[in-house]
> 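Take this structure, written in structure tokens, and hold onto it; I'll ask about it next.
Because only heavy atoms are used, hydrogens play no part in the values below, and waters and symmetry mates are left out as well, while side chains stay in. Start at 1 and go down the list; that is how both ligands and their atoms are numbered.
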Amino acid sequence: MTTEYNQISRRSWIKLATLAAGGMALPWSSAGFAQVATIKKLITRSDSPFNAEPALDELVRDWITPFESFFVRSHGPVPDVRNADYRLKIEGLVEQPREYRLEELAAPTTKLPTLTTIATLTCSGNRRAEFAASHQQKIPGVGWDGGAIGNAEWSGVRLSDILKAAGVKPEAKHVWFEGLDPIDNKGTSQPFGGSIPLAHAMADSTTAPGAIICSRMNGQPLAAVHGAPLRAIVPGFIGARSVKWISRIIVSDQPSTNRFLAREYKLLREGTDDEITATPPVYEMALNSVIAVPQADGNRLKLRGFALPQGQLGRVIERVELTTDAGKTWTPAKIVSPVREFTWVLWTADLPKGMSPQTVAVRAVDNRGDSQPMTVPWNVKGYQYNGWHKVTVPNG
Ligand code: MTE
């Protein structure tokens with residue numbers, strides 16, 4: 001499996017590299033996005049900015065999502081970054097602010113220890129289309145089905161090593177990230193950004209780093225759409241915290257004032273200014289699961305899907321269950337992939353089929369006994385939807 005997806009990714013990478021001028025990251029405009037859309041096997045949800053997700057059946061072919069099937073979530077254009085000019089600044093509450101060149105942070109030239117970790121990245125707005133339908137309301141934002149999620153091997157250097165080298169001052173509490181993509185907002189422009197608590201940034205465990213500054217995805221250099229030449233990856237946190245095209249790391253005693261931390265990606269009932277100020281940002285991914293392939297086969301229902309643990313150290317998927325009687329009884333699915341913190345599991349199930357079209361729902365249960373709710377209270381931006389995922393399987 002690994003060899004096959006690596007070969008596919010390598011072919012795509014060569015194709016993408018051929019499109020690049022002089023070895024720099026691709027200066028993709030929206031015309032460039034159209035090229036990405038043809039190389040990747042994705043359904044485009046918006047052209048500009050480019051947002052696209054794979055069909056659900058493509059998504060569950062491999063535990064590690066190949067480049068072609070990895071969703072893209074962008075709030076603005078892909079910046080034109082030349083590797084030779086690229087710099088990453090470390091500033092704020094540190095003893096020694098400094099500026100890194102790309103070769104000082106990326107293998108094989110970096111002197112910092114490098115690592116590869118597997119982590120699932122998901123957009124907090126995944127399943128928004130279903131959330132809107134379940135409440136019969138329109139929700140602004142990308143109308144994701146369930147494919148704004150992917151599991152990859154990320155390689156880079158630990159954020160904690162960079163912070164230790166800079167010497168974090170005692171009053172520091174948050175680490176801000178800033179990208180290079182200018183995002184328009186009512187006539188003004190601000191780079192995409194956000195922050196994570198310092199404690200999370202420093203919480204490297206034996207199974208996962210708190211965060212990495214990543215230069216490779218699935219063994220290949222990061223593609224421009226995924227944040228080349230360097231991006232943050234924060235295992236366990238919603239995708240918005242994994243800032244692409246990262247250019248500044250600012251250590252602070254406050255959370256970031258960037259719009260995407262201070263105003264967006266919050267669970268709001270009304271969205272008034274007072275409510276926005278009083279509501280904390282979303283950090284952790286929510287426990288979730290999706291039926292990706294529902295198939296009627298004779299007198300059996302054959303199902304395949306994924307389940308994601310809540311993004312908290314120590315939480316893993318314990319079981320995945322299916323119901324055909326609206327939750328009166330549950331049948332366990334078979335988990336067919338590794339089970340780890342911060343990564344999804346893939347599962348299969350084989351259930352008896354009734355005579356008429358059947359509605360099947362899935363829910364995941366974690367090792368602390370928490371499970372997904374049947375429905376989720378309304379929030380105006382449609383984030384973190386993790387109600388039972390339901391599909392109606394026609395007679396096969
Ligand atoms: N970083 C920058 N600079 N600009 C962005 O628009 N989108 C964020 C995050 N990092 C974004 C960003 C969101 S909301 C998600 S879900 C992930 O990137 C998506 O990463 P991907 O496009 O590599 O799948």
> If you take the centroid of each ring, where Trp contributes its six-membered ring, are H226 and F70 closer together than 6.0 Å?
yes
> Distance only, no hydrogens: is a donor on one side chain within 3.5 Å (strictly under) of an acceptor on the other, for T343 and T120?
no
> Using a strict cut-off of under 4.0 Å between a residue heavy atom and any atom of ligand 1, list the qualifying protein residues by chain and number.
F70, F71, V72, R73, S74, H75, L121, C123, D181, F192, H226, R231, G239, A240, S242, V243, K244, W245, Y265
> Distance under 6.0 Å and angle within 45° of the ring axis: does R340 meet both against F342?
no
> Does N151 use its side chain to pair, donor to acceptor, with the backbone of L121 at less than 3.5 Å?
no
> Taking only residues two or more places apart in sequence or in another chain, which ones pass side chain to side chain donor-acceptor pair (under 3.5 Å) with R101?
E103
> Please determine, by modelled atom types, if E178 and S247 share a side-chain donor-acceptor pair under 3.5 angstrom.
no
